[in-house]
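Structure first, then comments.
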Amino acid sequence: TSPFAWLRTRFYYLLIRLYFDQEFSIEEFTRGAKQAFSVVSKLLSQCKLDLLDQLVSAEVLQVLKEKISLLPDNHRDALAADIDAIMYTTEGDVRIYYDDDGMKFVSILMRFWYLNGANLPDEVPGETKVFQIVFGDESTKEKRHLLTANYEFQREFTEGAKPDWTITRIEHPRLLE
């Protein structure tokens with residue numbers, strides 16, 4: 001990340017703590033986001049979309065229902081991310097905004113890099129190389145792919161709103177397109 005982007009996100013975290021949630025911690029949020037990413041990605045790979053109702057927005061869920069049914073099995077398998085297989089996580093864009101009715105929202109885009117052992121070809125659609133990591137020796141090697149995903153989390157901070165984060169965007173580049 002650029003120093004400007006890093007500084008900007010830290011400024012937004014300060015604003016969130018000052019004006020919305022004095023207990024907000026990006027470390028705690030990141031831990032929760034990783035756990036949510038792992039759970040949601042596994043449910044997606046298993047086509048258990050009915051269990052995502054409280055975690056994912058209705059709009060995203062509708063799009064997922066259309067896309068998941070069209071995916072080949074190996075791409076669907078590649079969506080699953082075990083929490084221990086998440087190699088790196090970083091925050092992307094952070095936004096604070098108000099709608100026309102005075103409702104207050106915070107959105108945080110999280111980027112995840114995770115290892116997955118799905119049987120993907122060396123080249124996936126879009127002609128992007130998928131990184132492969134080989135574990136073990138030549139006779140027992142296990143191939144893993146380093147994949148990325150972007151999940152956007154949104155929370156309403158209007159007085160009286162439930163204190164729950166909802167996933168409002170799910171992107172698994174080259175897999176869920």
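Residues Glu91 and Met110 are in side-chain contact: their nearest non-hydrogen atoms beyond the backbone lie under 4.5 Å apart. With contacts defined as side-chain heavy-atom distances shorter than 4.5 Å, the pair Phe29/Trp165 qualifies. Within the 4.5 Å cutoff, no side-chain heavy atoms of Gln35 are placed close to those of Arg31. Between Ile68 and Leu176, some side-chain heavy-atom pair lies under the 4.5 Å cut-off. Annotation: side chain of Asp50 is in contact with side chain of Lys48 (closest heavy-atom distance under 4.5 Å). You'll find the side chain of Leu18 stays beyond 4.5 Å of the side chain of Phe20, heavy atoms only. Side-chain atoms of Phe112 and Ser41, non-hydrogen and from C-beta on, never get closer than 4.5 Å to each other. Side-chain atoms of Leu44 and Leu52, non-hydrogen and from C-beta on, do get closer than 4.5 Å to each other.
By the rule that hydrophobic residues join a cluster once side-chain heavy atoms approach within less than 4.5 Å of another member, Ile16 and Leu14 end up as members of one cluster. Under the 4.5 Å side-chain heavy-atom criterion for grouping Ile, Leu, Val, Met, Phe, Trp and Tyr, Val63 is not connected to Ile167 through any hydrophobic cluster. Under a hydrophobic-cluster definition in which Ile, Leu, Val, Met, Phe, Trp and Tyr are linked whenever side-chain heavy atoms come within less than 4.5 Å, directly or via other members, Val106 and Met103 are assigned to different clusters.
Distance alone, capped at 3.5 Å, places no donor-acceptor pair between the Thr158 side chain and the Ala161 backbone. Checked by atom type and distance alone, the side chain of Arg17 pairs as donor or acceptor with a backbone atom of Gln22 at under 3.5 Å. A donor-acceptor contact shorter than 3.5 Å links the side chain of Ser38 to the backbone of Ala81. A distance-only check finds no donor-acceptor pair linking the side chain of Asn150 to the backbone of Ile170 [under 3.5 Å]. At distances below 3.5 Å, at least one donor-acceptor pair connects side-chain atoms of Arg76 with backbone N or O atoms of Leu71.
Under a 4.0 Å N-O distance rule, the pair Glu152/Arg95 qualifies as a salt bridge. A salt bridge is absent between Glu59 and Arg169: the closest approach of a Lys/Arg side-chain nitrogen to an acidic carboxylate oxygen does not fall below 4.0 angstrom. Salt-bridge annotation for Arg8 and Asp93: present, with a side-chain N of the basic residue lying under 4.0 Å from a carboxylate O of the acidic one.
Note: Phe37 and His172 have parallel aromatic rings, judged against thresholds of 30 and 60 degrees for the angle between ring planes.
The distance from the CD atom of Gln154 to the CG atom of Leu109 is 12.5 Å, given to the nearest 0.5 Å. A distance of 9.0 Å separates CG in Asp84 from NZ in Lys34, rounded to the nearest 0.5 Å. In this structure, NZ in Lys65 is found 14.5 Å from CG in Leu70, a value given to the nearest 0.5 Å. From Tyr97, atom OH reaches atom CZ of Phe105 across 6.0 Å, with rounding to the nearest 0.5 Å. Leu55 CG to Leu43 CG: the interatomic distance, rounded to the nearest 0.5 Å, is 7.5 Å. In this structure, Glu66 CD and Leu64 CG are separated by 9.5 Å, a value rounded to the nearest 0.5 Å.
Scored by the side chain to side chain donor-acceptor pair (under 3.5 Å) test, Tyr12 finds no partners at all (sequence neighbours excluded). Residues forming a salt bridge (Lys or Arg N to Asp or Glu O under 4.0 Å) with Asp21 (at least two apart in sequence, or on another chain): Arg155.
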Next on the checklist: side chain to side chain contact (heavy atoms under 4.5 Å, CB included), that's the test. Do Val56 and Thr166 meet it? Break it down for me.
Outcome noted: CA-CA 5 Å; Val56 177; Thr166 303; 5.7 Å; no
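A ring-centre distance under 6.0 Å is not found for Tyr114 and His145.
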